Amino acid sequence: MSHQLKERLQALAWLILPIIAALLFTAIVLLLVGAQPLQAFWEIARGALESPAKWADVLTAWVPLALVGAGMSLTFAAGLWNIGAEGQIIVGAIFATWVARNVHLPLWPTLFLVIVAGMVGGAFWGWLTGLLRVYARVHEIFGGLGMNFIATALIIWLIFNPWKPARGATMSGTEPFPPNAWVPRLGHTRLPPLAVLMAILAVLLAYYLLKGTRYGLELRAMGKNMRAAFLQGIPTHRHMLSAFILCGAMAGLAGALQATAVYHRLIPRISGGYGYAGMLVVILAGYRPEWVPAVALFFAAIGVGSPRLELNMQLDASLGGVLEGAIVLFVLLAAGLRKRLARRSS
Amino acid sequence: MDPFVINTLASIVATAAPLVFAGVGETLTEKAGVVNLSLDGTILLSAMAAFAVAYNTGSLWLGFLVAALIGMAIASIVAVGSIALEQEQVAIGFVLTMMTADLSSFLGNPYVNLPGPYVGQQPIPFLADIPLIGPVFFRQNIVIYASYLLIVLAWWWMMRTQPGLKMRGVGERPASAFARGVDVNAVRYTYTALGGALVGIAGATYSLVVKLGWSHNHTAGNGWIALAIVIFGGWDPWKVAGGAYLFGALKALGSVLQRNPAFQNVPTQIFSTAPFAMMILFLALTSSGLTDRFLDLFSPKVRNRLEAIIRGRAPAALGQPFHRD
Amino acid sequence: MRVEMRQIHKSFGPVHANAGVDLTLEAGRIHGLLGENGAGKTTLMKILSGYQSMDSGEILIDGKPVTFASPAEAIRAGIGMLHQDPLDFPPMTVLDNFLLAFDDRLIPDRKRGEAMMLELAQRFNFPLNPHVAVERLTVGERQQLEIIRLLALGAQVIILDEPTTGISAPQKVQLFATLRRLAHEEGKAIVFVSHKLEEVEALCDEVTVLRRGKVTGHKPMPVPIDELVRMMFGQSIAMPDKPPVPLGEIVLRAEKLLITGHRLEIRDASLEARAGEVIGFAGMEGSGQSLFLRTIAGLIRPKRGHIFLDGEELTGRPYREFMRAGISLLPADRIDEGLVRGLTIAEHFPLRRETPFFIDWEENRRYVEKMIEFYNIKGRPETPVESLSGGNQQRVLLALQPPKLKVLIMEHPTRGLDIGSARWVWEQLLKRREDGTVILFTSADLDEIMTYSDRVVIFFSGQMYPPIRATDLTVEELGYRIGGRAAPDAEA
């Protein structure tokens, strides 16, 4: 066996090993509640892949994960934990909803305005977190969480007060938007091709910014050492704010698309936890945008497949989240173990 | 005194108790130089487990014990992952908080909204009869009393004992601690696990003492608040506890306002989220440049005093791995 | 007590820091360990004090072989080390520092500890207040605390690593008196690690010289200076001369600056510097010289006063504009402030060069290869900067500077560099004078300041004294002035 082949196999083993460990861990969790692990995994897989309609659902769920993942690869490059993406999705959806409710133009001009509004809303919310970080020296994890809480309160207030439907406010959200603010879907599926296209563009943008531009290089320098980057003459404050704004715009776009392409209305849980899940995606992707699409697809499949557990096995769908978290955790731990073993043998 | 006021004050003291456990626990962890970001999920999972164990066995103490062990186990993953395996502390903590939150939902599903055992009132004779102070502080139960004791004990341990001295040294400058024969990583493992156990107890305190029972996301958000008040309290157990009581007061204020007819149109969710947002705002204000300008109004001597009160300095080696060579 | 180190070997990656070193220490004697920066002195002493492991070799105490897995074991055997940057806990009080890992009961007896500390401090005339934070002490006082702590722990062998760096002349006098007393009256074995010949000459009873990890000589003192030099350097290497360059117009003018730092306030700081001038800033660590230079660099905003460059006012503008105007700062901490740890050499250049928004990485690589060759950097474009040696890091930093600078500010330009790199750095700096660049630099090495400065600015606890021409000053005088006193003969 050639040396190179051996190395490749080893790398592959280090990739598969933590996934097996995560599956084993999840299996133990299932056994704890007296469920059949293999059956549960099978249900998740079937729930995600059994029909073209499901594939379309997976791709639909992929869009917000890929968008948030692309945006966060920028903030992570600058060493920032933009945990506020959740709130940025919500505010993006809110801005988009305002336009959808108040602008009455033909389909495409309306959609254009809705999407731009979503991006502006998310960018605005990201900018606020950035301001807290830069000028009030609040760590972005806490600033972002605070902004998430505020966004959550805001969306509930809007749905229960000014935007409540005529038949009375409920958790099921506002009245549906007028159809001129609906992103067209592919055939009879729920998949909006336009949204997929925009997510692909966002990933490409993040990739080229980081690999090929001065701005990306400067963000990476900040991520390695903020102080040293500043001493090199990089405008760290401005770049931090712009990274938050760019990430916020992508998260806001995700929120706008959730509202106009998926639900056709504003609902209280519009963000669907994609802000936090997106963060797991980027961590698992090793903070590199080029790996975001694949990881996001995997997570989207788990997310679409796991509600099947409730239908067929009377289990809570949160098992999907457990599986996702376990995979990221074991991949991180395995990476550390591999480094440690390599150092010991050298 | 108005019984309504006394009841409100007593409820503030009670609702702050879990945050005292979690906040002081995390303070110990961070003083040794480790950030355990998994608090929110840990509290959820341990709250769920404590309730489930107490429900099934009828033993409240077994519930607390299991919760403490779970907190310890999760914290140990953070410690092993970041110290032995050199992965980013914040990343591991974040992943754990996500995963354990989902785990609590999944495993806790059968226990949602069940009535179960809880720790009842246990007034302390004599002390409970002191006007105002008695009913507010001493007509609670043993868990709440333990939270008072923890504040004193943690402060004393940190400032007056040799292990506490070593712990502070390790968080401040591990190389110096090592040069004096302190096993830096052993100290870090110990206090991460100990802090985690206290966070687990915080979870049990929710489900068995102050927010009885279990529901999905029963305690969500409180772990983040605990992390915030450690910073807010400048890594000082007294001030951290002060932050916990302040948060309890904000929550109580919310429920008082909510009952006021003037606010009847405001949805309840606003009142439940507002304290979280306000807490963060508070944190923002005290650490912002505005405060600097305010402090600059005073003479350097007064300024330094005031600054020491308003702000604490983070342990210098917080979150940094230690290598011997 | 007699300590023998035999055939000590220690490597860090490709660097053979100790290559078979023998060293014998005797009670009652001050042993000088002399060598250039990077000769392996600190590594050897860290091994002896249990801080570092050795690859091979043995350590004998009174003939019996011992091994130290940690500094705690070494101190139990009676060997203690005072590190160059004292290993203490700055925000904690002097007493807490003293007690940590000393009184090893659950609750240390603070009263007894304080009494013991004060007694030791008094014995050596150390003015230590047990209740202030260590961060408020000078480096000299922090050393004093470490010395009495080691004595309290029962150290019989005390190692001091470059203890005279960053302390004033009076503190140095006191330190030397203390060391003589410890060795000659109390029978301790003292190891005095230094790269300064005249200090070894003044203090030590015997000397061992290290060069590139090997012992090049071991002799009782006195040893003629030129022989020590030959043992240290192989052949004596002259530092570059400073050819005179005619000074030009006034380039930089600082007027009555008021600067407030963490614990320091500098008032009425004024300076005028002419094109091609070299000004050295002397003072103990934390006396204000760094604060002043970082204000000139635009990193700190003065509360009052003005900064002019070529007649144009820069006061209050952001740091980036100071840079654009032609002022550049090379920080003392080259790897954590100067360069960006984690980026490669090639990735550093687009940060400083005129580069279009879309980087042409091919063109950049060709440019970087040229710079690597021109500046003689031992590394490739894709080498991460943290894997470079200190000298090569400084070379990269100089290569990154734009060609025509108005003011170049260097913090400790040669700290930690081997003699070859130090020499090269000064050649580069002196060459820059020909373009009219003003060089401002700080150094803890007073010889360096005296050798290269046209004028010297002295700082003492926040007070900035007017510049003195280097020709009107001697090294001894400078040593006393940075301690806030006039030299003894000047007082008389």
Side-chain angles (χ1 to χ4, degrees), chain A residues 25 29-30 32-33 81 83 132 135-139 141-157 159-161 169 268 273 276-277 279-280 283-284 287 309 314-329 331-340, chain B residues 37 40-41 77 80-88 90-92 94-110 112 216 221 224-225 227-228 231-232 265-292:
Chain A
F25 172 82
V29 170
L30 283 159
L32 270 178
V33 297
W81 277 79
I83 208 170
L132 279 173
Y135 295 107
R137 278 175 269 157
V138 178
H139 192 284
I141 288 185
F142 296 105
L145 278 168
M147 298 308 290
N148 288 352
F149 283 129
I150 295 173
T152 310
L154 185 65
I155 194 173
I156 288 170
W157 178 72
I159 290 172
F160 279 74
N161 281 300
Y276 297 122
M279 191 160 251
L280 289 183
I283 295 175
L284 187 55
Y287 310 107
L309 296 171
Q314 285 74 49
L315 293 172
D316 196 79
S318 49
L319 185 79
V322 176
L323 181 58
E324 290 171 1
I327 289 172
V328 182
L329 179 66
V331 165
L332 284 178
L333 296 180
L337 192 64
R338 188 183 180 185
K339 242 196 322 194
R340 200 182 155 95
Chain B
L37 202 75
D40 206 54
I77 299 176
V80 171
S82 63
I83 296 171
L85 303 178
E86 295 178 28
Q87 296 299 294
E88 223 184 314
V90 177
I92 296 218
F94 177 78
V95 173
L96 277 169
T97 207
M98 292 282 105
M99 189 187 81
T100 48
D102 278 323
L103 203 53
S104 78
S105 274
F106 181 75
L107 294 175
N109 207 24
V112 170
H216 285 292
W224 295 112
I225 291 297
L227 279 160
I231 302 173
F232 177 86
N265 281 333
V266 181
T268 53
Q269 285 88 346
I270 299 264
F271 287 105
S272 50
T273 50
F276 292 92
M278 285 173 76
M279 197 67 202
I280 302 294
L281 255 155
F282 244 96
L283 198 65
L285 276 178
T286 54
S287 59
S288 75
L290 274 177
T291 314
D292 280 334

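Note that this is a predicted model, so its numbers are computed, not measured. Order of the sequence lines fixes the chain letters, A, B, ..., with proteins taken first and strands second; residue numbering starts at 1 for each chain.
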### Message
Between B:E86 and chain A, with a heavy-atom cut-off of 4.5 Å, which part of the residue counts as in contact: side chain, backbone, both or neither?
### Response
both
### Query
What part of A:I283 gets closer than 4.5 Å to chain B, counting heavy atoms only: side chain, backbone, both or neither?
side chain
### Message
Quick check for you: to the nearest 0.5 Å, what is the distance between B:L103 atom CG and A:L323 atom CG?
### Response
11.5 Å
### Query
So which of A:P268, A:A317, A:G321, A:A277 has the largest heavy-atom pair count under 4.5 angstrom toward chain B?
A:G321
### Task
Name the region of A:L309, side chain, backbone, both or neither, that has any atom closer than 4.5 Å to a heavy atom of chain B.
neither
### Task
Among the options B:G81, B:G108, B:A84, pick out the one with the most heavy-atom pairs lying under 4.5 Å from chain A.
B:A84
### Message
Please give me the minimum heavy-atom distance between B:A91 and A:Y287, naming the atom from each residue.
### Response
CB-OH, 3.7 Å
### Task
Evaluate the criterion side-chain contact (heavy atoms from CB on, under 4.5 Å) for residue pair A:K339 and B:Q87; output intermediate values, then yes/no.
CA-CA 10 Å; A:K339 242 196 322 194; B:Q87 296 299 294; 4.2 Å; yes
### Task
Taking all non-hydrogen atoms of both residues into account, name the closest pair between B:F106 and A:D316 and its distance.
CD1-O, 3.3 Å
### Query
Side chain, backbone, both or neither: which part of B:V90 has a non-hydrogen atom closer than 4.5 Å to chain A?
both
### Task
Mind running side-chain contact (heavy atoms from CB on, under 4.5 Å) on A:L329 and B:I77 for me, showing each step along the way?
CA-CA 10 Å; A:L329 179 66; B:I77 299 176; 4.2 Å; yes
### From A:F149 atom CZ to B:W224 atom CH2, the distance as rounded to the nearest 0.5 Å
9.0 Å
### Message
Assess the residue pair A:I141 and B:L37 against the criterion (side-chain contact (heavy atoms from CB on, under 4.5 Å)); give the C-alpha distance rounded to whole Å, side-chain angles, the decisive distance to 0.1 Å, and a yes or no.
### Response
CA-CA 10 Å; A:I141 288 185; B:L37 202 75; 4.1 Å; yes
### Message
For A:R340 versus B:L85, what's the shortest heavy-atom pair and its separation?
### Response
CD-CD2, 4.2 Å
### Task
State which residues pass salt bridge (charged side-chain N to carboxylate O under 4.0 Å, His left out) with B:E88; sequence neighbours excluded, sorted by chain then number.
none
### Query
Which answer fits A:Y276, side chain, backbone, both or neither, if we ask what part of it has an atom under 4.5 Å from a heavy atom of chain B?
both
### Message
With chain A as the partner, which of B:V95, B:D102, B:V80, B:I92 has the greatest number of non-hydrogen pairs under 4.5 Å?
### Response
B:D102
### Task
Could you walk me through whether A:V33 and B:L107 pass side-chain contact (heavy atoms from CB on, under 4.5 Å), step by step?
CA-CA 7 Å; A:V33 297; B:L107 294 175; 3.6 Å; yes
#### Entry: Heavy-atom check, side chain of A:V328 versus side chain of B:M98, under 4.5 Å
no
#### Entry: Contact class of B:A101 relative to chain A, heavy atoms under 4.5 angstrom
neither
#### Entry: Toward chain B, the part of A:L333 with a non-hydrogen atom under 4.5 Å
both
### Task
Measure B:L96 against the heavy atoms of chain A and call it side chain, backbone, both or neither at under 4.5 Å.
side chain
